[in-house]
Amino acid sequence: MTTLERINRMSVKLPEEICAKLRKVLTAPFRVVILTHMNPDGDAIGSMLGLYHFLKKRGCTVNMAVPNEIPQFLSWMEGAEQILDFRGQRQQVEDELGKTDLIFCLDLNDPDRLGDIKEIFGKTDVLKILIDHHPNPVDFTDHMISVTSASSTAELVHQFIINLDGKESIDKTIAESLFVGIMTDTGCFSFNSSKPGTYEVVSDLLQAGIDKNHIHSLVYDNYTEERMRLLGYSLTEKMVVLKEHRAAYIYLSREELEKFKHQNGDTEGFVNYPFSINNIRVTALFLEKKKHVKISFRSKGKFSINLFARKYFNGGGHHNAAGGESMDNLEDTVRRFESLIAGYSDEINQLP
Ligand code: 5GP
Ligand code: MN
């Protein structure tokens, strides 16, 4: 593998000589570890499991690890129980990273997104391949399949698989995993999904026999009653609309989250609700954690919430969907957001 030349920003179509080399090594007894980002979402886990099932079928010994817990709404996915959680299984992750031949990093553009796994990852001296669709990727792997225009990393993993072994190698389990990635990262095909290519991929997945409606139901109709009531409470009591800046946000304290028995993943999607109000172009969700405030940001159109999150909240993400954090308390964080967004009012008000 060391003879593989270094190619950054490879297009979706892998050069044939690289495919040929990968085909040769990606089989028994080759060992692979797949990693993805902190607070893993549907695309992180979907692309991870899609690649996992594919490489297992090829005979590789495959291990998967995440920096922290996978959300409850993805726990039904086939293979999810095999994913190592670094918080509770540190030694096992360390052992696997110590003996692997290759590491895939999925759905992240910066090693910082590996959380506490970053340190051990940095010490490993094996081939590393990144597959991702976030803008401004950091050059930290040997190979980078970075396609910012892709709907999701799952879409890129699909391309990776068919580049290697053709469409026939996509079985129902692989297809199910990849569909979860595409469906969740496009908000059920409401954003990042205007390219015909995305639907060609979905067509392949349907042909592999997935039950699209059932998958949708497993992801979105599987929450607890408390989560539904937390959503209601958030919208009636904890949503602030800044009409003059075309922005709206929701903020929740730890106490409130605990009152509604909050589980990881319960607030997924909350940040999108304020867009239902006409004229809103920027939204945010503030969640109080033990030591910091975790923030999700969304924007519409030209206003880059990615740059905003990077500049003021030590975060990043995509042009219209990003995250960040604050070490101030919840009230101060929200107040800071309000004053920062006021500074962008003219820009936001010029948006169509
Ligand atoms: P979400 O708001 O759904 O958690 O994340 C939206 C997007 O921003 C995702 O692409 C996610 O990977 C990215 N993101 C979320 N939090 C952070 C963060 O703290 N730092 C960076 N760099 N990206 C983040
Ligand atoms: Mn993604």
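Both ligands and their constituent atoms are indexed starting at 1 by order of listing. Note that the numbering runs from 1 along the sequence shown for the chain.
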Taking it one step at a time, do Gln263 and Thr224 satisfy side-chain contact (heavy atoms from CB on, under 4.5 Å)?
-> CA-CA 9 Å; Gln263 299 175 37; Thr224 58; 3.7 Å; yes

Verdict with reasoning, Glu338 to Tyr249, per side-chain contact (heavy atoms from CB on, under 4.5 Å) = CA-CA 9 Å; Glu338 285 206 13; Tyr249 66 86; 2.5 Å; yes

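Protein heavy atom closest to atom 7 (C) of ligand 1, with residue, atom name and distance, is Ala321 O, 3.5 Å. Scanning the protein for heavy atoms near atom 15 (C) of ligand 1, the closest one is Gly323 CA, 3.4 Å.
At least one heavy atom of Arg113 sits under 4.0 Å from some atom of ligand 1. Under the 4.0 angstrom criterion for non-hydrogen atoms, Met38 is not in contact with ligand 1.
In terms of polar-atom proximity, defined here as any N/O pair under 3.5 Å, Arg298 does make such a contact with ligand 1. Considering backbone and side-chain N/O atoms, His134 comes within less than 3.5 Å of an N/O atom of ligand 1. Annotation: Phe297 places no N or O atom under 3.5 Å from an N or O atom of ligand 1; distance criterion only. The shortest N or O to N or O distance between Ser296 and ligand 1 is below 3.5 Å. Considering backbone and side-chain atoms alike, Asn314 places every N or O at 3.5 Å or more from each N or O of ligand 1.
If you number the atoms of ligand 1 from 1 as listed, the ones under 4.0 Å from a heavy atom of Lys294 come out as 16 (N), 17 (C), 18 (C), 19 (O). When each atom of ligand 1 is checked for a heavy atom of Gly317 under 4.0 Å away, the hits are 8 (O), 13 (C), 23 (N). Remark: ligand 1 atoms within the under-4.0 Å shell around heavy atoms of His318 are 10 (O).
Taking the six-membered ring for Trp and the full ring otherwise, the centers of Tyr199 and Phe189 sit less than 6.0 Å from each other. Ring centroids of Tyr312 and Phe297 are separated by 6.0 Å or more, keeping the two rings apart.
Counting only protein N, O or S atoms closer than 2.8 Å to the Mn ion (ligand 2) gives 4.
Looking only at atom types and distance, the side chain of Ser152 has no donor-acceptor partner in the side chain of Asp185 under 3.5 Å away. Side chain to side chain, Glu155 and Thr198 meet the donor-acceptor criterion of an N or O pair below 3.5 Å. Side-chain contact annotation: His245 with Ser345, donor-acceptor N/O pair under 3.5 Å present. In summary, the side chains of Asn68 and Asn39 do present a donor paired with an acceptor at a separation below 3.5 Å, with no hydrogens or angles considered. Thr186 and Ser193 share no side-chain donor-acceptor pair at under 3.5 Å.
Relative orientation of the Phe308 and Phe313 rings is tilted, given thresholds of 30° and 60° on the angle between their planes.
No donor-acceptor pair closer than 3.5 Å links the side chain of Arg113 to the backbone N or O of His37.
Of the listed options Ala322, Gly315, Gly316, Gly316 places a heavy atom closest to atom 24 (C) of ligand 1.
Geometrically, Lys128 does not engage Phe104 in a cation-pi contact defined by less than 6.0 Å to the ring centre and at most 45° from the axis.
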